[in-house]
Amino acid sequence: MLAEQDTIAAIATALGEAGIGIVRVSGPDAGRIAERVFRRPSGAAPKLRDKRRMLYGFVIDPHGGETLDEGILLWMPAPHSYTAEDVAELQVHGGVRVLERVLDATLRAGARLAEPGEFTKRAFLNGRMDLAQAEAVIDLIRAKTDLASRSALKQMRGALGDWVRDLRKRLLALQALVEVTIDYPEHDVEQEACAEVVATGSGLLAELDQMLESARMGQILREGVATAIVGRPNVGKSSLLNALLRRDRAIVTDIPGTTRDVLEEYVNLRGIPFKLVDTAGIRETEDVVERIGVERSREVLAEAELVLVVLDGSQLLTEADEEILAQTQGHARILVVNKADLPQAWPDERLAPYAGDTPVVRLSAKRPQDLPRLVEAMIGKVWRGEAGAADLSYMTNARQARLMEQARQDIAQAVEAARFGTTLDLIAVALQSAYASLGLIIGEEAGEDLLDEIFSRFCLGK
Ligand SMILES: Nc1nc2c(ncn2[C@@H]2O[C@H](COP(=O)(O)OP(=O)(O)OP(=O)(O)O)[C@@H](O)[C@H]2O)c(=O)[nH]1
Ligand SMILES: [Mg+2]
């Protein structure tokens with residue numbers, strides 16, 4: 001692919017107050033730009049050649065010569081840098097204004113302001129990493145838990161790309177076999193080829209299925225398990241949210257209808273991020289505001305991956321409770337019987353018609369020692385695959401999963417066709433299409449629009 005011709009610069013660290021901040025410059029002019037804006041303590045400009053260097057000195061305004069800050073110049077000549085281009089990093093003090101001025105100096109010395117993700121895009125275009133690895137960089141930056149960051153790191157090292165390349169190699173061999181057979185249309189040769197398509201194709205399908213399972217887990221690690229806390233008013237939904245968060249986030253009162261709006265908070269439960277959504281108690285109401293809240297609760301319910309149905313164990317179940325229990329039947333859910341510290345009005349058996357393999361957890365939101373049992377049940381739901389799958393060896397994002405799904409369909413079609421002895425042409429076309437879809441995962445034959453879409457999700461300076 002074509003190497004970029006201009007030189008880009010951006011602040012690579014977060015804007016705020018910090019000990020150190022970094023302005024990164026990458027491209028063919030990085031060395032010259034650094035020589036213009038950096039001075040050794042002696043006042044001399046550094047001489048940057050093809051050896052890596054780390055120099056102490058001062059950053060100056062390339063025009064007036066004013067000193068902007070003292071710091072360190074890190075020189076990483078191509079190809080041994082993040083972008084595989086010449087890279088100069090100016091490590092200065094981490095103040096917003098200082099960094100802006102240092103960045104400005106590099107721009108005036110000839111660099112262009114980088115777009116979000118442009119450094120990583122160059123790394124991809126220069127063959128330093130495949131597209132799946134580049135995407136893992138942003139996953140790593142955004143990871144909210146240890147588990148998510150570990151998985152992202154693994155993908156950044158190329159695990160997914162290796163698997164895709166291996167799969168494509170096998171697809172290509174299969175395709176070659178089919179193509180050759182098309183040219184020699186003897187019947188038994190054709191049958192042999194079809195048998196091979198069925199055998200190899202089925203193996204590939206099994207692998208793809210496993211990968212697609214892990215895609216769901218990948219999404220969970222990135223976005224959290226969308227968990228709706230629902231129930232009729234006053235059963236203790238907000239109290240439960242607060243208890244899981246271990247802080248008073250939601251307003252709790254003994255007045256039914258306290259929560260009017262949907263409230264979202266992330267909590268990390270043993271490495272898995274949950275997006276907890278507290279909702280307005282569902283009931284028929286004349287109050288306009290509350291009614292909108294109830295409407296939203298129903299929307300949240302529709303999108304939830306996991307539902308905590310909260311009931312009040314100290315009172316008989318009402319019609320509203322029964323209705324919510326019926327409504328959430330199809331969801332991955334946990335029945336939470338709250339207020340266990342009060343005298344209980346009914347036994348667990350009362351929920352038998354709804355329970356099935358749904359866990360019932362009787363607890364009090366007011367007793368912290370009760371919560372581990374609920375957490376246990378929530379994690380159990382995720383690992384059992386109802387709200388996510390377990391294989392973490394490969395993280396995939398929605399784009400990658402979509403392409404895998406396409407490849408899966410094509411291969412399934414080829415296998416099906418081979419089974420019924422359809423013409424080999426059709427099989428060849430399906431295999432070719434699967435090969436192309438898988439290629440897009442690692443960025444082979446990826447168009448400019450796709451790259452733009454992916455890299456625009458990055459932060460500035462990466
Ligand atoms: N005794 C006891 N009281 C509780 C418990 N959990 C919540 N409560 C009380 O029940 C009342 C309602 O609690 P909330 O958490 O506001 O209930 P909610 O389901 O969010 O109610 P809405 O927002 O109105 O739908 C408050 O007075 C809480 O203090 C519990 O485990 N035991
Ligand atoms: Mg509430």
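Numbers here simply count residues along the sequence, with the first being 1. Each ligand, and each atom within it, is numbered from 1 in the order the structure gives.
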Distance from atom 8 (N) of ligand 1 to nearest protein heavy atom, with residue and atom: Lys339 CE, 3.7 Å
Could you tell me whether some N/O pair between Ala365 and ligand 1 is separated by less than 3.5 angstrom? yes
Would you say Ser364 and ligand 1 have an N/O pair spaced under 3.5 Å apart? yes
Go through the side-chain N and O atoms of Trp163 and Glu207 and say whether any donor and acceptor fall under 3.5 Å apart. yes
Between Ser364 and Asp370, do the side chains contain a donor N or O and an acceptor N or O under 3.5 Å apart? no
For atom 28 (C) of ligand 1, the protein heavy atom that lies nearest, with its residue and separation: Val252 CG1, 3.6 Å
Gly281 versus ligand 1: do any nitrogen or oxygen atoms come within less than 3.5 Å of each other? yes
Evaluate the side-chain proximity of Ile20 to His93: yes if any heavy-atom separation is below 4.5 Å, no if none is. no
Got a sec: does the CZ of Arg296 have more than 12 other heavy atoms crowding it under 6.0 Å? no
About how many Å separate CG of Leu74 and CG of Leu90, when rounded to the nearest 0.5 Å? 9.5 Å
Using a heavy-atom cut-off of under 4.0 Å, does the side chain or the backbone of Ile255 touch ligand 1, or both, or neither? backbone
Once you restrict to heavy atoms under 4.0 Å, what part of Leu342 touches ligand 1? Side chain, backbone, both or neither. side chain
How far is atom 1 (N) of ligand 1 from its nearest protein heavy atom, and which residue and atom name does that atom have? Asp341 OD2, 3.0 Å
Nearest non-hydrogen contact with atom 12 (C) of ligand 1 belongs to which option: Asn234, Val230, Ile251? Asn234
I'd like to know: is the Mg ion (ligand 2) within the 2.8 Å range of an N/O/S atom from Ser238, strictly under that distance? yes
For ligand 1, is any non-hydrogen atom under 4.0 Å from Asn338's backbone (N, CA, C, O), its side chain (CB onward), both, or neither? side chain
Between Thr258, Asp278, Thr253, flag the one that comes closest to atom 16 (O) of ligand 1 by a heavy atom. Thr253
Which of the listed options, Gly313, Pro233, Gly236, Gly257, holds the heavy atom that is closest to atom 24 (O) of ligand 1? Gly257
Before accepting this row, confirm whether a basic side-chain N of the pair Glu264/Arg249 lies closer than 4.0 Å to the acidic partner's carboxylate O. no
Which of the atoms in ligand 1, numbered in the order shown and given with their element, are less than 4.0 Å from a heavy-atom of Pro256? 24 (O)
A side-chain contact here means heavy atoms from C-beta on lying under 4.5 Å apart; do Leu99 and Leu15 qualify? yes
Is there at least one pair of N or O atoms, one from Lys237 and one from ligand 1, spaced under 3.5 Å apart? yes
Flag side-chain contact, heavy atom, 4.5 Å: Val309 against Ile334: no
Residue Thr259, metal the Mg ion (ligand 2), N/O/S under 2.8 Å: yes
For ligand 1, does Ser239 get within less than 4.0 Å through its side chain, its backbone, both, or neither, judged by non-hydrogen atoms? both
for atom 29 (O) of ligand 1, nearest protein heavy atom and its distance come out as Lys366 NZ, 3.3 Å
For a quick test of reading the model, state the closest non-hydrogen atom pair linking Tyr266 to Leu245 and the distance between them. O-CD2, 3.9 Å
Can you tell me if CZ on Arg157 sees more than 12 non-hydrogen neighbours from other groups inside 6.0 Å? no
